[in-house]
Each structure stands twice: as C-alpha cells, then as structure tokens.
Amino acid sequence: MPEKNFYITTPIYYPSGKPHMGHAYSSIIADVFARFKKIDGYKAYFLTGTDEHGLKIQREAKKNNKDPKKFCDELSITFKNLTKTLNLSNNDFIRTTEKRHYDSVKEIWERLEKSGDIYLGKYSGWYSVSDEAYYDEEEIIDENGSKKSKTSGSKVEWVEEESYFFKLSAWSNKLLKFYQENPKFILPVSRRNEVVNFVKKGLKDLSVSRTSFSWGIPVPSNKKHIIYVWLDALTNYISALKFPDTENKLYRDFWPADLHIIGKDILRFHAIYWPAFLLAAKIKPPKRVYGHGWILSDEKKMSKSLGNILDPLEIIKDYGVDQLRYYLIKEVSLGNDGSISLENLKNCINNDLANNFGNLCQRVFSFIDKNCDSKIPSPDKFNTRDKELSDEIIKKISDLKYMIDNQELNSYIKEVINFSFNSNKYFNDLEPWKLKKTNKVRMNTVLYCILNQIKSISILLYPIIPSSIEKIFDTLNLKKEELNIEQIKNLNLIVPGKIIKKSNILFKKIDNDN
RNA sequence: GGCGGGGUAGCUCAGUUGGUUAGAGCACAGGACUCAUAAGCCUGGGGUCGGUGGUUCGAAUCCACUCCCCGCUACCA
C-alpha cells in the first residue's frame with residue numbers, strides 16, 4: 001500500500017522587520033492544512049523558515065556593528081518564536097544561512113551551469129544609488145540633461161554590472177505546457193490566468209547573481225559573485241529535505257511538495273522561476289502553489305502612517321491564539337484580499353466560538369456534571385433523530401476532504417460550524433432537562449449523542465483551533481491519538497462511566513467596551 | 001492603454017447547464033423555553049439582483065452597450 005505523504009510549506013520570511021499579520025496569516029493557513037492531513041492518516045511534513053541573505057540584511061548588520069550571521073541569528077529567533085506563538089505544527093525551520101542550504105544551492109547552481117541554463121552576461125540599466133533600485137526607461141525623466149526617477153526624483157545613472165543569467169526565455173513554452181498539463185498547479189484560478197498570460201507574452205532572462213554585495217552564497221565557480229535572491233531563497237524547499245541527497249528518506253517521501261502556501265505578491269517567483277529552475281535542474285516541480293490574498297485593515301493596507309496596524313502578537317495576547325486563527329480562516333476569503341478589524345474579530349469570537357460552539361460544550365458538560373454525577377452517561381439505542389444528527393457529519397466527510405484538497409477553507413469552516421448550530425438545535429428540541437424527570441434512559445442517550453457531536457466537531461475544528469480542541473479531548477477522556485478523522489465514524493469512542501473532567505470556559509465572550 | 005475578475009438584503013457573501021413567491025451568516029424586531037458564557041431555539045421585517053436595451057413562454061443567470069470597483073502588466077523581498 002502506498003504511503004500517504006504530504007509536504008506543505010510557508011514562504012521563508014525575510015526578517016528585516018518584525019513579524020506582522022501577513023506572516024501570521026500565511027503560517028496559519030499552512031498549519032491548518034498540515035494539521036488536517038496529520039489527522040487524516042497522512043505523514044505530513046510542514047516546513048517554514050527565514051530567508052536571511054541580501055544587501056538589506058548586510059547593511060543593517062553593519063549599522064548595528066554586528067557580524068551578519070550573528071545578526072541573523074537574532075532576527076531569525078523572532079520568527080522561530082512566532083511559530084510557537086501561533087502554535088504551528090511545523091516539523092522543521094530552515095534558515096538560508098545553514099550549511100545544508102548552502103550545499104543544496106551549490107548543487108542546483110552547478111546543475112544549471114552544466115546544463116547550459118546559466119551564462120555570464122551583463123546586467124545594465126538606469127540605477128539610482130540613493131534608491132538602490134533599477135528603473136525602466138519609462139520610469140525615468142530627462143530634466144535639463146540629467147536623468148531622474150519619475151517617482152522618487154533621485155538621480156539615475158547608466159550602470160553595467162557583470163551578472164550571471166538564467167535562460168528563463170528558453171522556458172516559456174515548456175512552462176506553458178506544464179501549466180496546461182497541471183491545471184491546478186497555480187491556484188486560485190484567477191491567479192493562474194494572470195501567470196499564464198504573463199508567460200505567454202514571453203520571458204526575459206533572469207539575473208541570478210550580484211557583485212555589489214557579499215552577504216550570500218558565492219557562485220561556486222566565481223567567488224566575486226553572490227547568488228541572487230530567488231535561486232537562493234526558493235531552494236530552501238528542497239534543502240530541508242536534504243537535497244542533493246535525493247536517496248534519503250525525507251526527500252523520497254516528500255518531494256515533490258504538495259503545496260506551497262504563499263502570498264500573491266510572490267506568486268510569479270513561485271509559479272514561474274521555481275518550476276523553471278527545477279525543470280532545468282532535472283528535478284520535479286511542486287504539485288501546487290496557492291497564492292492567498294492580503295490582509296487589509298479597514299479596507300486599507302496596514303501602515304504606520306495610517307495607524308491601522310493590527311499586530312498578531314498583540315491580538316493573541318488580548319484575545320487568544322485560537323481566536324485569531326479561527327477568525328482569519330473564517331472571515332477572510334482565501335485567495336482574495338480580506339479586511340479585518342477588531343470589531344469583526346470580537347463578533348466572530350462571540351458568535352461562533354463563545355455563543356455557539358463553546359456554549360454547546362459548556363451546557364452539555366455542565367448538565368452532565370449536575371445530573372449524571374459527572375460521569376459520561378451510558379446510551380440506550382439511538383433513534384432516527386439521533387442517527388440523523390451523527391449521519392449529517394459522517395456523510396459530509398468526503399466533501400470536507402475535497403474542500404481541504406482544493407484549499408476551499410471558507411466552505412470547510414462554514415460546514416463545520418454549521419454542525420455546531422444543528423447540535424444546539426438538537427439539544428434544544430430534545431430538552432434533556434425535561435427528560436430527567438420523565439425518562440432518564442432517553443436523557444442519557446441524548447447526552448451521549450451530543451457528546452459524540454462535540455467529539456466529531458472537535459476533530460474537524462482541530463486543524464483550526466488545536467489547543468482548545470485538545471482541552472475538549474482531555475475533558476472527554478479521549479487520547480491525542482484518537483484525534484483522527486476516522487474516529488468521526490466511531491460512535492462508541494467515548495467511554496461511558498468515565499468522569500467528565502472539570503473544565504474552564506473555552507472561549508470567553510468579549511465585552512464591547514473591552 | 002492591454003488582459004482578467006467583480007458589482008445580489010445595513011454588512012460579508014452563496015446562487016449549479018436560464019424555470020415556480022431570489023438564499024445564508026452577522027445586525028435588527030417579536031415569541032416560547034431555561035441545561036448553558038443574559039448563551040441556545042422559533043418567527044419576522046428588509047433586496048426594482050449597478051444601469052439601459054435585446055434574445056426567450058420565462059433571465060440575477062445568455063447577448064450588446066454603459067457606469068463604477070479590483071487584480072496583473074518582471075529582477076525590494
């Protein structure tokens with residue numbers, strides 16, 4: 001029987017600033033998929049990390065009078081801490097300053113050089129020293145004989161720099177063929193169309209080395225050059241699998257990657273450069289790249305000047321990590337930009353988590369505590385209504401898996417929280433508080449059924465709000481190993497007679513004046 | 001400018017190949033209940049489906065024109 005393996009990654013983050021909501025969002029999305037696969041019987045490998053080379057870092061390090069590597073150690077730590085704060089289930093954390101990554105990049109470079117996909121040429125253009133940027137012919141203006149940038153107004157000069165190039169131009173047609181043969185390589189579809197149109201217009205060769213700074217991986221055959229950005233950064237996805245050792249178990253099990261989660265801003269690099277590099281190096285490209293949208297604050301990009309920054313660490317401190325995770329997954333449409341606000345966050349927490357699912361757990365646990373001696377009641381036969389309730393979830397399992405496999409997270413979470421709505425209704429309709437006076441056997445059955453629902457909903461919510469769900473499992477005396485999609489079908493998992501452990505309120509309601 | 005996506009209840013959005021009184025959640029109003037985090041359940045109000053014209057027995061759904069909004073249009077990640 002073939003193993004069910006799943007490899008998912010986040011972008012590696014450039015640590016020139018502190019972690020923001022965009023980083024948190026990418027990571028949370030990836031974690032939800034990783035955790036789902038892990039409880040669905042897959043051997044899942046989840047990678048995140050930091051991209052630490054480049055001029056910006058080199059300069060910052062110098063400014064702080066620090067060795068670049070030492071400087072990166074400090075920066076990288078804040079991102080590593082973020083994985084803990086967000087409760088990510090990542091299996092590894094890669095840094096582009098590690099030896100394993102150097103080895104991997106070196107190998108890729110040599111393969112590309114050998115295959116003739118890399119050549120030495122000249123990179124030229126209008127360069128502004130103060131902006132540290134090259135400008136296009138259309139982006140500059142001639143003012144009294146001196147050329148200036150239209151946007152910044154700073155002086156530009158014609159600069160020619162020796163540079164290695166990757167023959168990207170030769171890959172246009174092969175890429176188009178690849179997109180056609182793998183229609184879901186780029187998602188969402190709207191992004192795919194953008195990329196395809198872009199490639200159809202023809203690709204230019206890509207500069208892949210620089211001589212203007214030194215903080216990076218040197219070109220093996222020419223130490224004057226540093227391997228530039230994407231060839232360095234993207235390779236992390238295979239460095240972590242011990243490439244170039246393609247015979248080791250990690251690489252054999254997990255490459256090609258199943259899913260790269262990225263922001264739409266770096267889609268092109270992942271959807272064009274990355275498969276081109278890999279194809280040229282005779283390595284299989286990943287199976288899918290998903291470009292999610294941006295998180296906006298009150299319809300606008302977050303910025304210091306607008307004063308609308310929502311800091312993930314602050315929000316987690318004030319509201320809780322599961323609360324933030326749930327909110328971002330539920331309220332932001334994956335693939336589209338989404339506006340978030342504290343107001344919406346509070347509503348979401350109160351409605352879905354506190355009033356709906358949290359209160360469902362609370363009313364049931366508390367009822368059992370008071371009326372069943374705190375012990376899980378023993379059920380009699382399930383009647384039609386009981387079966388309808390549990391069947392509703394069981395019948396949806398394959399649909400839910402399909403949604404996850406197609407990154408339809410919003411549909412997924414809506415279906416799942418809907419089970420909680422229906423469970424509340426069941427509890428209301430069957431009125432166990434009346435049954436306790438008239439029919440205790442039936443009351444016990446109803447309570448057991450509702451516990452089953454809580455268990456099943458919990459399993460499905462686990463990828464999104466893992467730590468809260470672990471608490472529920474603990475309350476129900478269920479083991480971590482039983483946190484598995486398969487157990488939804490098992491209506492006898494919960495053991496009657498065991499004590500329901502005392503639990504605190506799972507999701508506190510947020511006051512308006514808070 | 002070019003290519004693409006979208007304009008549906010106060011807000012966020014679903015609406016399959018055109019077919020009976022256009023849906024959900026939130027918000028709002030009323031009702032019955034009381035196990036629970038004053039939570040949950042039931043009922044209700046509210047939309048000329050961006051505009052105009054057309055195809056059709058019949059269009060939010062197809063066609064034309066028009067007005068808005070958004071994305072992409074290469075080497076900062």
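- Ring geometry for A:W274 against A:H260 counts as tilted: the plane angle lies between 30° and 60°, on a 0 to 90° scale.
- Spacing of C1' atoms, B:rG25 relative to B:rA77, comes out at 38 Å, to the nearest Å.
- When both pairing distances are held under 3.5 Å, B:rA64 makes a Watson-Crick or G-U pair with B:rU52.
- Residue A:R191 has no polar side-chain atom (N or O) positioned under 4.0 Å from OP1 or OP2 of B:rG5.
- A salt bridge links A:D474 with A:K501: at least one charged nitrogen is closer than 4.0 Å to a carboxylate oxygen.
- Among the heavy atoms of the strands, none lies under 4.0 Å from A:G335.
- Ionic pairing of A:R191 and A:E194 is present here: one or more N-O contacts between side-chain nitrogen and carboxylate oxygen are shorter than 4.0 angstrom.
- Side-chain rings of A:H270 and A:Y237 approach one another, their centers coming within less than 6.0 Å.
- Among the protein residues, A:V229 comes within range of the sugar-phosphate backbone only, with heavy atoms under 4.0 Å from sugar or phosphate atoms but none that close to a base.
- Ring pair A:F269/A:W230 is parallel by interplanar angle, where below 30° counts as parallel and above 60° as perpendicular.
- Closest to the side chain of A:E431, out of B:rA77, B:rC35, B:rC33, is B:rC33.
- Under the Watson-Crick and G-U wobble criteria, each requiring two contacts below 3.5 Å, nucleotide B:rG58 is left unpaired.
- Look at CG on A:L345: it is 15 Å from C1' on B:rU12, rounded to the nearest Å.
- When the C1' atom of B:rA74 is taken as reference, atom NE2 of A:H270 falls 16 Å away, rounded to whole Å.
- Between A:P432 and A:V195, the residue anchored closer to the 5' end of RNA chain B is A:P432, taking for each the nucleotide with the nearest heavy atom.
- The CG-C1' distance, from A:L506 to B:rA36, rounds to 13 Å in whole Å.
- The only member of A:E161, A:E162, A:K224 that meets side chain to side chain donor-acceptor pair (under 3.5 Å) when paired with A:T211 is A:E161.
- Two residues, A:N371 and A:E194, neighbour RNA chain B, and the one matched to the more 5' nucleotide by heavy-atom proximity is A:N371.
- B:rC3 is paired with B:rG71 under the Watson-Crick or G-U wobble criterion, all donor-acceptor distances under 3.5 Å.
- Under the Watson-Crick or G-U wobble criterion, with both distances below 3.5 Å, B:rC35 has no partner in any strand shown.
- A 3.5 Å limit on both hydrogen-bonding distances identifies B:rG25 as the Watson-Crick or G-U partner of B:rC11.
- The side-chain ring of A:W433 is stacked on the base of B:rC35, judged by centre separation under 5.5 angstrom and plane angle under 30 degrees.
- Going from the P atom of B:rC13 to that of B:rU52 covers 25 Å, rounded to whole Å.
- Here the C1' atom of nucleotide B:rU34 and the NZ atom of A:K436 are 10 Å apart, to the nearest Å.
- For A:H225 and A:F213, the ring centers are positioned 6.0 Å apart or more.
- Across B:rC11 and B:rU37, the matching P atoms stand 35 Å from one another, rounded to whole Å.
- For B:rA36, one of the phosphate oxygens OP1 or OP2 lies less than 4.0 angstrom from a side-chain nitrogen or oxygen of A:K370.
- Comparing B:rG54 with B:rG10, their C1' atoms are spaced 34 Å from each other, to the whole Å.
- A:Y14 comes within 4.0 angstrom of sugar-phosphate atoms only, judged by non-hydrogen atoms across all strands, and of no base.
- Nucleotide B:rA14 holds its P atom 12 Å from the CD atom of A:E408, rounded to whole Å.
- Minimum atom distance to the side chain of A:S207 is reached by B:rC75, of the listed B:rA36, B:rC75, B:rC72.
- For the P atom pair drawn from B:rG18 and B:rC63, the interatomic distance equals 11 Å after rounding to whole Å.
- Rounded to whole Å, the distance from CD1 on A:I417 to P on B:rC13 is 19 Å.
- Comparing B:rC72, B:rA74, B:rU73 by their closest approach to the side chain of A:K201 singles out B:rU73.
- Comparing the P positions of B:rC65 and B:rC3 gives an interatomic distance of 13 Å, to the nearest angstrom.
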Contact letters for nucleotides 39-46 of chain B, in which S counts primed atoms plus P, OP1 and OP2 and B counts the base, heavy atoms under 4.0 Å: SBSS----
After noting the C-alpha distance and the side-chain angles of A:E60 and A:K63, does the key distance pass the salt bridge (Lys or Arg N to Asp or Glu O under 4.0 Å) rule? CA-CA 5 Å; A:E60 281 295 307; A:K63 214 166 39 181; 3.4 Å; yes
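- When the P atom is compared between B:rG5 and B:rA64, the two are found 13 Å apart, to the nearest whole Å.
- In this pair, A:F185 and A:Y179 present their aromatic rings parallel. The plane angle is below 30°, not in the 30 to 60° band.
- What separates NZ of A:K264 from P of B:rG5 is a distance of 16 Å, to the nearest Å.
- Annotation: A:W294 is not in aromatic contact with A:Y25 [ring centroid separation under 6.0 Å not met].
- When the C1' atom of B:rC35 is taken as reference, atom CE of A:M443 falls 11 Å away, rounded to whole Å.
- Taking 4.0 angstrom as the limit, A:Y228 places a side-chain polar atom (N or O) nearer than this to OP1 or OP2 of B:rA77.
- B:rG50 and B:rC67: their C1' atoms are spaced 8 Å apart (whole Å).
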